[in-house]
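Taking it in order: structure first as structure tokens, then the write-up.
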Amino acid sequence: HIRTALADDLPKIHALYQKAAGSPGYALSSDDMTLPFIERLVQPALADGLVLLVIHPEDEERCVGEIHVSRDPRSFSRHVM
């Protein structure tokens, strides 16, 4: 199912990015995917945007997809996500 993410979901998002890292066509390695990196990546969207998670249908603790969007901090484009 799809739901809005919370700050408590950061470890699940981190696990998802760790699994994807190093896949063909993915630029970052698993060494790049630290929890602080994921926090910096997702925190703006949690604060002033939207983060959606796709939760595994048979395992509520497992995130199998994520998308995040946040506002551009520059004043001329604050209306755009």
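All of these numbers come straight from a predicted model, not from anything done at the bench.
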Say whether, by atom type as modelled, one donor and one acceptor occur between the side chain of Asp59 and the main chain of His56 under 3.5 angstrom.
->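 Not at all, since once roles are kept as given, no pair shorter than 3.5 Å links the two residues.
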
Can you check whether Met33's main-chain N or O pairs, donor with acceptor, with Gln18's side chain at less than 3.5 Å?
->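 Yes, the answer is positive, given that a donor and an acceptor are paired below the 3.5 Å cut-off.
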
Student check: side-chain heavy atoms of [X] and [Y] closer than 4.5 Å:
{"X": "Gln43", "Y": "Leu10", "answer": "yes"}
{"X": "Ile13", "Y": "Val51", "answer": "yes"}
{"X": "His68", "Y": "Leu53", "answer": "no"}
{"X": "Arg62", "Y": "Lys12", "answer": "no"}

Looking at [X] and [Y], what are the two nearest heavy atoms and their distance?
{"X": "Ser23", "Y": "Ala20", "value": "OG-O, 2.7 Å"}
{"X": "Pro44", "Y": "Glu39", "value": "CD-O, 4.4 Å"}
{"X": "Arg71", "Y": "Asp48", "value": "CD-OD2, 3.1 Å"}
{"X": "Ser29", "Y": "Ala21", "value": "C-CB, 3.4 Å"}
{"X": "Glu66", "Y": "Tyr17", "value": "OE1-OH, 2.7 Å"}

Would you check, one step at a time, whether the test side chain to side chain contact (heavy atoms under 4.5 Å, CB included) holds for Arg3 with Leu52?
-> CA-CA 6 Å; Arg3 67 171 176 81; Leu52 296 176; over 6 Å; no

Would you kindly confirm whether Leu16 and Leu35 end up in one hydrophobic cluster when ILVMFWY residues are joined by side chain heavy atoms under 4.5 Å apart?
->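 Cluster IDs for Leu16 and Leu35 differ.
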
Please check if atom CG in Leu6 has more than 12 non-hydrogen atoms from other residues, nucleotides or ligands closer than 6.0 Å.
->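 Enclosed: over 12 neighbouring heavy atoms sit under 6.0 Å from CG of Leu6.
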
